[in-house]
Amino acid sequence: MKKKFKFTYNMALFTICVVLFVIFGCFNRNFFTFNYIMDMLKLNTEIGIMALPLTLLIIMGCIDFSLCSVLSLSASLGGIVAVTSGSAVVGLLVALIVGVACGMFNGLMVSSLKLPPLITTLATMYLYKGIAKGVTLASWGTNVATTPIATALGATNILGIPTQLWLIAVLAIVLSKTVYGRTLYAIGLNENATRFAGINVVKIKFFTYMLAGLIFSLAGQVLMGRFSTMQYDSADSYQMQVIIVCVLGGADMNGGRGTIGGTLLGTLVIAILKGGMNAVALPQTQQKIILGVVLLISLITFQIIAEHDLKAKGRARMEAAAAEHAAKIAKQG
């Protein structure tokens with residue numbers, strides 16, 4: 001018996017990518033060149049890197065609005081320490097430790113103290129940003145110079161492909177293979193039931209926020225290397241774009257839904273859309289309007305496909321139950 005073809009949301013996203021790519025390429029032939037494609041992807045890598053751990057948090061029913069502040073704070077402190085100590089390795093370690101510490105603090109507030117993730121991370125967003133601003137202005141004025149390691153991550157190529165694209169590929173593979181992935185879905189769908197099942201929800205939430213802080217700090221290294229400098233507000237414009245990528249990729253803000261693959265496709269859609277609009281010289285105001293329209297369309301499409309899947313699963317369960325009931329009657333007869 002042939003398996004029935006199923007059109008998934010990820011297939012819809014991939015189709016959108018192809019259609020957008022062809023449309024923009026027809027307006028500007030440079031859009032099809034390898035260098036333009038690499039530059040287009042490179043400009044959105046930091047968004048994709050931050051979106052990966054945020055997807056895990058959203059699946060779990062949480063959120064982190066401090067992600068860009070963690071990026072700026074970790075990169076700024078790491079850059080200052082690297083110059084002061086004369087060691088790029090020490091600077092990198094400090095940056096990663098700062099990211100982990102910020103994630104641990106967020107995780108402690110949300111998991112142990114059970115504070116609302118949205119309000120908590122909004123508060124820590126201003127806290128981390130304030131610290132980053134104070135440290136940067138007190139030490140280096142407005143800009144922190146990049147380090148050799150950050151430059152290697154954000155401004156070099158490996159086999160002709162930007163290094164940050166290799167980094168996001170490795171992170172995506174590792175995060176998609178996490179052994180506790182199913183637990184995140186369980187927490188997002190029903191946290192109380194998961195807790196009663198004997199799963200340590202507090203520990204998992206804490207670890208996921210800590211992991212997110214670490215990856216946000218890696219994104220900071222990439223951004224600092226790409227721009228050769230870092231300011232305390234360098235990543236502020238990325239915050240909503242990262243959330244849009246996650247939602248566009250199929251992550252449900254209520255928890256329980258989302259995939260790493262979907263987030264990567266969402267990042268690709270945004271990258272193609274932004275690169276294409278720049279290629280046809282579309283004004284920034286119109287670009288924002290189009291991004292909003294695309295997000296709304298994606299939400300509607302995701303809802304339609306999700307409802308169709310639920311109905312299909314319901315019918316399958318009813319048919320299975322009916323078949324089981326018929327088998328019992330036949331056995332009794």
Side-chain angles (χ1 to χ4, degrees), residues 44-57 62-85 87-110 121 124-136 139-140 143-155 163-172 174-175 178 206-239 241-242:
N44 294 273
T45 309
E46 300 89 1
I47 295 173
I49 291 174
M50 289 190 287
L52 294 178
L54 186 62
T55 299
L56 300 183
L57 290 171
C62 297
I63 191 66
D64 190 349
F65 282 108
S66 70
L67 71 173
C68 292
S69 297
V70 173
L71 181 155
S72 299
L73 176 59
S74 62
S76 298
L77 284 175
I80 292 172
V81 171
V83 173
T84 304
S85 65
S87 173
V89 175
V90 174
L92 175 63
L93 290 176
V94 168
L96 298 180
I97 290 172
V98 170
V100 170
C102 291
M104 290 174 66
F105 185 72
N106 287 341
L108 179 66
M109 297 293 105
V110 173
T121 56
T124 56
M125 175 186 74
Y126 288 108
L127 172 63
Y128 302 150
K129 185 177 180 180
I131 296 174
K133 182 177 181 180
V135 171
T136 303
S139 304
W140 297 91
N143 298 326
V144 176
T146 187
T147 67
I149 294 178
T151 301
L153 290 173
T163 305
Q164 55 262 57
L165 295 182
W166 291 105
L167 177 61
I168 192 173
V170 171
L171 289 173
V174 172
L175 292 180
T178 51
F206 179 81
F207 175 77
T208 307
Y209 270 103
M210 183 179 69
L211 178 64
L214 174 65
I215 297 178
F216 296 156
S217 65
L218 279 175
Q221 294 297 300
V222 173
L223 183 65
M224 183 166 66
R226 185 162 66 86
F227 284 116
S228 298
T229 185
M230 174 60 65
Q231 297 178 339
Y232 63 86
D233 58 352
S234 294
D236 285 1
S237 62
Y238 292 157
Q239 181 172 357
Q241 295 183 58
V242 176

query: Which pairs, with at least one residue in residues 62-74 and sequence neighbours excluded, count as a salt bridge (Lys or Arg N to Asp or Glu O under 4.0 Å)?
result: none

statement: Applying side-chain hydrogen bond (donor to acceptor under 3.5 Å, both in side chains) to Thr151 and not counting sequence neighbours gives Thr146

statement: Between Phe216 and Pro53, the two heavy atoms sitting closest are CE2-CG, 3.6 Å

- request: Indicate the atoms forming the closest heavy-atom contact of Leu223 with Ala235, along with that distance.
  value: CD2-CB, 4.0 Å

- prompt: What pair of heavy atoms forms the shortest contact from Val70 to Cys102, and how long is it?
  reply: CG2-CB, 3.8 Å

query: Is any side-chain heavy atom of Thr136 less than 4.5 Å from a side-chain heavy atom of Val144?
result: yes

- prompt: Which pairs, with at least one residue in residues 67-80 and sequence neighbours excluded, count as a salt bridge (Lys or Arg N to Asp or Glu O under 4.0 Å)?
  reply: none

query: Pairs in or reaching into residues 216-235: which pass salt bridge (Lys or Arg N to Asp or Glu O under 4.0 Å), with residues at least two apart or in two chains?
result: Glu46-Arg226

query: CE of Met210 to CD1 of Ile215: how many Å apart, nearest 0.5 Å?
result: 11.0 Å

- prompt: Within the side chain of Thr84, is there an N or O that forms a donor-acceptor pair under 3.5 Å with the backbone of Val81?
  reply: no

message: Among residues at least two apart in sequence or on other chains, which ones pass side-chain hydrogen bond (donor to acceptor under 3.5 Å, both in side chains) with Gln239?
response: none

message: Could you work out, with side-chain contact (heavy atoms from CB on, under 4.5 Å) as the rule, every residue matching Ser217, not counting sequence neighbours?
response: Ser74, Leu96, Leu214

message: Nearest 0.5 angstrom please: Ile47 CD1 to Leu54 CG, how far?
response: 12.5 Å

field: Side-chain touch Tyr238/Leu67, heavy atoms, less than 4.5 angstrom
entry: no

side-chain contact (heavy atoms from CB on, under 4.5 Å) partners of Ser69, counting only residues at least two apart: Met125, Tyr128, Lys129

statement: By side-chain hydrogen bond (donor to acceptor under 3.5 Å, both in side chains), Thr55 pairs with (sequence neighbours left out) Thr263

statement: Between the OG1 atom in Thr147 and the CE atom in Met224, the distance rounded to the nearest 0.5 Å is 4.5 Å

- prompt: Shortest non-hydrogen contact from Ser66 to Asn106?
  reply: OG-ND2, 3.0 Å

query: Got a second to check how far Ser72's OG is from Met230's CE, nearest 0.5 Å?
result: 5.5 Å

query: What pair of heavy atoms forms the shortest contact from Val110 to Cys62, and how long is it?
result: CG1-SG, 4.3 Å

- prompt: Can you tell if the side chain of Leu218 reaches within under 4.5 Å of the side chain of Val222, non-hydrogen atoms only?
  reply: no

query: Which residues satisfy the side-chain hydrogen bond (donor to acceptor under 3.5 Å, both in side chains) test with Ser234, sequence neighbours excluded?
result: none

Partner residues of Ala172 under the side-chain contact (heavy atoms from CB on, under 4.5 Å) criterion, sequence neighbours left out: Leu52, Ile260, Leu264

task: Tell me, with the steps shown, if Val94 and Ile80 meet side chain to side chain contact (heavy atoms under 4.5 Å, CB included).
output: CA-CA 10 Å; Val94 168; Ile80 292 172; over 6 Å; no

Atom CZ of Phe105: over 12 foreign heavy atoms under 6.0 Å: no

field: Val174: partners by side-chain contact (heavy atoms from CB on, under 4.5 Å), with sequence neighbours left out
entry: Val170

field: For Phe227, all residues meeting ring pair (Phe, Tyr, Trp, His ring centres under 6.0 Å), sequence neighbours excluded
entry: none

- request: Provide the closest heavy-atom pair for Ala219 versus Met50 in the form atom of the first, atom of the second, distance.
  value: CB-CG, 3.7 Å

message: Return the CG to CG distance between Leu211 and Leu175, rounded to the nearest 0.5 Å.
response: 6.0 Å

message: If I take atom CG from residue Leu56 and atom OG1 from residue Thr208, how far apart are they, to the nearest 0.5 angstrom?
response: 6.5 Å

